[in-house]
Each structure stands twice: as structure tokens, then as C-alpha cells.
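The structure appears right after this line, and notes come after that.
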Amino acid sequence: MNFSIHTWNVNSVRARADHISHWLDTIQPDLFALQETKVTDDLFPTSLFEKKGYGIEFYGQKSYNGVAIGYKKSKIFSPTSVVKNNPLFVDDQARFLASSFEISTGFTIRLVCIYVPNGSEVGSDKYHYKLDFLDSLTDFLQLELKTHENICLLGDFNIAPADIDVYDCKIWHEKILCSKAEREKFNKLLALDFLDTFRVLNPTKQMFSWWDYRQAAFRRNLGLRIDHILTTKNLFYSINKSGITTEIRKREKSSDHAPCWVEITI
DNA sequence: ATGGCAACTCCAAGTTGA
């Protein structure tokens, strides 16, 4: 059985309704995680997904943040063990959503969708909040690993893991998204038992997932790779391909992020 | 040196993002 997992920071699920609709039609993701939905749960546009045959779990708040996990109903069973926010991290912002999916008998994937804080500026209060968020995430996953062999940690990490993931590493040296401490937190996550699927499957490829709206950054390909799909090594053995759907960033009124994906055969 | 764009919000100028 083949299936795909995607992650996309949509920068408002309501403002991006047409894009999401088009994306579901053309890409037909089997499982997906969304970030920056920017809407409270009572106003979440469930029907946008339901009418295309998708189920959707969501956890949001007013104006900012917000995460969701969707699944193709004809192929994937309903989620179990849904967790909203990391139980080890007191947070008034909606940035974390986990759920388990039984793909086939005996093969379950634990999906952990995250929207890591941006961090604003190195050394700021928001920066320390970001680092704390990542520490608690690491603690959470360490516990999850005791009971799950197939974990997929995906979302907007707001970290460019290495210089190859940045269009100009001199400009971004020790800037937010690229600082040593942020990269160390990323590597600490990997050290638990995870692999950065895109980088392992495309070792020398420079490809980005985010481009600033300003300065015609997308046209000039001035981007960073800050959205990621990490999997446990056990799950990684089933992955064939990992990529980024940059076409979608070309469209009018697009999100500033492009969706990232993996293809899996079990 | 700064802003540039886009989405949000008690509807409109301030906040946030990356």
C-alpha cells in the first residue's frame, strides 16, 4: 500500500480556502498536517475538507497559530489518541496536535503536528519561549518513543537546520531561524531516533519551503527550508521519496510557505 | 539604517510573522 504524508503552513485556513481546495484536488494527500490556521475551533471550515472526502482534527485560537491534521476517509481510518498541546508544556498558544492512525492491520503511525514559535529575535523573550517549547517537545517525544515505533514529527519548525537550507548563510548567520542554539535543539530531536526525511533522501539538494512575501523573494528564490517531516528510523525504511511542492507558492495570494511531503510504501 | 508583504482585528492602525 502506498500513501503520502504532507505538511503545510497555510497562513490562515480561511484566507487560503481556494488554495487548499485546489491542493486537495490535485495532490490528493492521504494524511496531512496544517499550521497557522488562525481560527477558533467553532469557526473552523470543516466542510471545506469534508466535501472532498477528508476528515479533519483541529486545535486553534483566535488570530494566531492553530494546527490541524487531515486524513483521506476512503483510505485511512479515523484518528485515535488525539492530544491537543504538549502535556509537558504549559502554553496558552495552540501549536501542537498529535494523533494516531492505523494505516493497515498492525501498522500504526503517530503523527505529531507542530507549529514551533518563530522566536522573533535571538535573545528575546520569544526566543527563549521557542527554545523551551523545543525542550519540552523533546521530552514528550522521548516518552512517546517508548510506546510507538512509527512516529512522524512534522510541521513548521521555524529552524533552517544547516547552511545549505538558507539562500544566503552569511546574511542569516546567527539570525533567528539559523542560530546555533536553535540548530542544536533540532539536532537533539534527531538524536532521539529521528531522521530529516528530505535531507537524508536529497543529501545535496538546496530547496526551500518558505520565501518572504517582500522583495519578490520567491521569484528570486530567496528562501529557507524551515518546514520539515521527521520520522523515526523504523518508519523511514518505508519512505521512497521526500519533496517540496513549490508550484503552489507561484499562485496568486499564496501562503508564504510551500507544502512538504513524503511517499511511503508498506 | 529602515522597510518592503500579508493576515489578523471591536473597521483601521497596530501587531505578528520569518
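A note on names: the letters A, B, ... follow the listed sequences, proteins ahead of strands, and every chain is numbered from 1. For the numbers below, each heavy atom of this structure counts, side chains included, while hydrogens, waters and symmetry mates do not.
Using a 4.0 Å heavy-atom cutoff across all strands shown, Ile226(A) reaches sugar-phosphate atoms only and no base atom. At the heavy-atom level, Leu177(A) lies under 4.0 Å from the strands shown only through sugar-phosphate atoms. Contacts of Asp227(A) with the nucleic acid, taken as non-hydrogen atoms under 4.0 Å apart, are absent. Across all strands shown, Asn65(A) has no heavy atoms under 4.0 Å from either base or sugar-phosphate atoms.
A gap of 15 Å separates the C1' atoms of dA12(B) and dA6(B), to the nearest Å. Only the P atoms considered, dG3(B) is 14 Å distant from dG14(B), to the nearest whole Å. Taking atom P in both dT2(B) and dC8(B), the straight-line distance is 29 Å, to the nearest Å. Spacing of P atoms, dA7(B) relative to dA18(B), comes out at 14 Å, to the nearest Å. Between the P atoms of dC5(B) and dC11(B), the separation comes to 25 Å (whole Å). For the C1' atoms, the distance from dG4(B) to dG17(B) is 14 Å, rounded to whole Å.
As a whole-Å value, the separation of Trp211(A) CH2 from dA6(B) C1' is 17 Å. Put simply, CG on Asp156(A) is 15 Å from C1' on dA7(B), counting in whole angstrom units. What separates CD of Glu121(A) from P of dG17(B) is a distance of 12 Å, to the nearest Å. Rounding to whole angstrom units, CZ of residue Arg16(A) and P of dG17(B) are separated by 16 Å. Atom C1' of nucleotide dA6(B) and atom NE2 of His19(A) are separated by 12 Å, given to the nearest angstrom. Rounded to an integer number of Å, the gap from NZ of Lys175(A) to C1' of dA18(B) is 13 Å. Counting to the nearest Å, the P atom of dA7(B) and the CG atom of Asn118(A) are 17 Å from each other. Rounded to a whole Å, the CD atom of Gln93(A) is 12 Å from the C1' atom of dG17(B).
Here the options are Ser209(A), Ser255(A), Pro29(A), the test is side-chain contact (heavy atoms from CB on, under 4.5 Å), and the partner is Trp8(A); only Ser255(A) passes.
Between the side chains of Tyr213(A) and Asn11(A), at least one donor N or O lies within less than 3.5 Å of an accepting N or O. Between the side chains of Tyr167(A) and Trp211(A), no donor-acceptor pair is found at a separation under 3.5 Å. Using modelled atom types and a 3.5 Å distance limit, the side chains of Asn150(A) and Asn234(A) yield a donor-acceptor pair. In this structure, a donor-acceptor pair under 3.5 Å is absent between the side chains of Asp193(A) and Thr232(A).
Mapping Tyr115(A) and Asn11(A) onto DNA chain B by nearest heavy atom places Asn11(A) closer to the 5' end of the strand. Position along DNA chain B of the nearest nucleotide to Val13(A) versus Asp256(A) favours Val13(A) as the more 5'-ward residue.
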N/O contacts under 3.5 Å, protein versus nucleotides 9-16 of chain B?
{"unit_1": "dC10(B)", "atom_1": "OP2", "unit_2": "Lys62(A)", "atom_2": "NZ", "d": "3.3"}

Please list, for nucleotides 2-5 of chain B, all pairs of protein and nucleotide N/O atoms separated by less than 3.5 Å.
{"unit_1": "dG4(B)", "atom_1": "N7", "unit_2": "Arg214(A)", "atom_2": "NH1", "d": "3.3"}
{"unit_1": "dG4(B)", "atom_1": "N1", "unit_2": "Gln215(A)", "atom_2": "NE2", "d": "3.1"}
{"unit_1": "dG4(B)", "atom_1": "N2", "unit_2": "Gln215(A)", "atom_2": "NE2", "d": "2.1"}

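Relative to the six-membered ring of Tyr115(A), Arg95(A) meets both conditions, a distance below 6.0 Å and an angle of at most 45° to the axis.
Partners of Phe157(A) under the ring pair (Phe, Tyr, Trp, His ring centres under 6.0 Å) rule, at least two apart in sequence or in another chain, are Phe186(A), His228(A). Under the rule for a ring pair (Phe, Tyr, Trp, His ring centres under 6.0 Å), the partners of Phe101(A) that lie at least two apart in sequence or sit in another chain are Tyr71(A).
Sequence neighbours left out, the pairs with a member in residues 138-147 of chain A that pass side-chain hydrogen bond (donor to acceptor under 3.5 Å, both in side chains) are Arg110(A)-Glu144(A).
Between dG17(B), dA7(B), dA18(B), one nucleotide has an atom nearer to the side chain of Trp210(A) than all others, and that is dA18(B).
Side-chain rings of Phe133(A) and Phe96(A) stay apart, their centers remaining 6.0 Å or farther from each other.
Counting Ile, Leu, Val, Met, Phe, Trp and Tyr side chains that sit under 4.5 Å apart, directly or through other members, Val90(A) stands alone, with no cluster partners.
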